[in-house]
Protein chains: 2
Amino acid sequence: MINYPNGKKKNWTSNHTSAGGRGMKLESDINTTNQWYLSNDTAVVHKKPTPITIVKVDYPKRSAAKITEAYFKLPSTTDYNGAYRGRYLDFEAKECASKASFPFKSLHPHQISHLEAVLKQQAIAFLIVRFTQFDETYYVPADRVIDYWQNSGTSSYPYAWFKENGYLIPGSYVNPVDYIQIVDQLYFDPQKERNSSNGYK
Amino acid sequence: MINYPNGKKKNWTSNHTSAGGRGMKLESDINTTNQWYLSNDTAVVHKKPTPITIVKVDYPKRSAAKITEAYFKLPSTTDYNGAYRGRYLDFEAKECASKASFPFKSLHPHQISHLEAVLKQQAIAFLIVRFTQFDETYYVPADRVIDYWQNSGTSSYPYAWFKENGYLIPGSYVNPVDYIQIVDQLYFDPQKERNSSNGYK
Ligand SMILES: [Mg+2]
Ligand SMILES: [Mg+2]
């Protein structure tokens, strides 16, 4: 069973025109959504830059500084955060190519600790996972992600677990991963949302 | 006159043991403070990684991927954001070597737009500026920063403007830039703060 945040089993369908994500498709979809939210004053959410350690920089005359040696660092936080109606919002997003399950190792233990830390600050925190083979994108509240990680005794989240614990995220061409719809229904009064003046339609 | 957020003219002094910041000292002090907040479950605030455009990556056998060509990008947001008591918190931090004023050009127009955008989301947004010659570090609410930027007809914030519009940030060795003290007094009930169970002492 798929849980919908408002209790209704509304038949939300994803209007993706693509045949399902590969590689960075989810990230690019979320960027499109975040840009759409920003343009409409709905929310301000950005992807954090990739953390790197810079070792060597050249400063050629009359041109831009050029980094010639740098390494990727392990992320100590999730990739996305921002502001929505005064609240702090934080999430990690991942694609999953398997039909069976999403492995724990797709998340860094640092990211789990980070989600725990922001939950203590009453953050709106969650995971977005797209099962590319089904073209389904789920929103799962961070507390459930952490609980299963710590207490299930397994090493992956089964696909069925997402159906039980997650919410299918609706999308459209201009707003492919409309996660704010889920946030609204979990954290805000949906009626109030419809009448709000924050530009969200 | 220096404004203190609670209306009192308390004689807050900075306990910096250093003789005043140079270069990255403010950033390192803020990192220390943020680490202290994190350890005490006070707040979760991180500096965003430097945004870069990666052009070329080598994948040597049996060792880590090495970035061999990359360039710095202009930041489209401020450097710091995070969660505090459910609220979204956002700021930019800069040192100022001049005794007279802090030039507009130390901030990117993108950063001003970003502060405007997060204010629409009811963010707790501000600027931290350290006058290194005086070893004074100011908290200035973002709305005042934006208003002066847009309406003053000048190209810098005079030192006296910080005394009028800003709040001197207290600090100690373990917590050099204790900006949460100002946030508490501007946004939360100070009495409640003292009795809160969020680990803040
Ligand atoms: Mg990531
Ligand atoms: Mg900066």
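Chain letters run A, B, ... following the sequence lines, proteins first and then strands; every chain starts at 1. Not measured: the values here are computed from a predicted model.
If you measure heavy-atom distances from B:V55 to chain A, you find no contacts under 4.5 Å at all. Heavy atoms closer than 4.5 Å to chain B are found nowhere in A:L89, neither backbone nor side chain. For B:L38, the part lying under 4.5 angstrom from a heavy atom of chain A is the side chain only. For B:L119, no part lies near chain A; criterion is any non-hydrogen pair under 4.5 Å. Of the two parts of B:T77, only the side chain, counted from C-beta on, holds a non-hydrogen atom closer than 4.5 Å to a non-hydrogen atom of chain A.
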Practice problem: Report the C-alpha distance between B:K94 and B:E92 in whole Å, list the side-chain angles of each, state the deciding distance to 0.1 Å, and finish with yes or no for salt bridge (charged side-chain N to carboxylate O under 4.0 Å, His left out). | Solution: CA-CA 7 Å; B:K94 292 287 180 198; B:E92 180 61 30; 3.5 Å; yes
Exercise. Could you please spell out the steps behind the side chain to side chain contact (heavy atoms under 4.5 Å, CB included) verdict for A:Y71 and B:I67?
Key: CA-CA 6 Å; A:Y71 299 92; B:I67 298 161; over 6 Å; no
Quiz item: Would A:Q181 and A:D178 satisfy side chain to side chain donor-acceptor pair (under 3.5 Å), going step by step from the backbone distance to the final call?
Solution: CA-CA 6 Å; A:Q181 280 203 36; A:D178 192 6; 2.9 Å; yes
Quiz prompt | Candidate pair A:K99 and A:Y159, rule side chain to side chain contact (heavy atoms under 4.5 Å, CB included), full reasoning | solution = CA-CA 7 Å; A:K99 288 181 178 184; A:Y159 172 64; over 6 Å; no
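Of the listed residues B:P51, B:A64, B:S76, B:A123, the one with more heavy-atom pairs under 4.5 angstrom with chain A than any other is B:P51. Between chain B and the residues A:T50, A:N81, A:V57, the largest count of heavy-atom pairs under 4.5 Å involves A:N81. When B:H114, B:K73, B:E69, B:R87 are compared by the number of non-hydrogen pairs under 4.5 Å with chain A, B:R87 comes out ahead.
In summary, A:K120 and B:D41 engage in a salt bridge, as defined by a charged side-chain N under 4.0 Å from a carboxylate O.
A cation-pi contact, defined as under 6.0 Å to the ring centre and within 45° of the axis, links B:R85 to B:F188.
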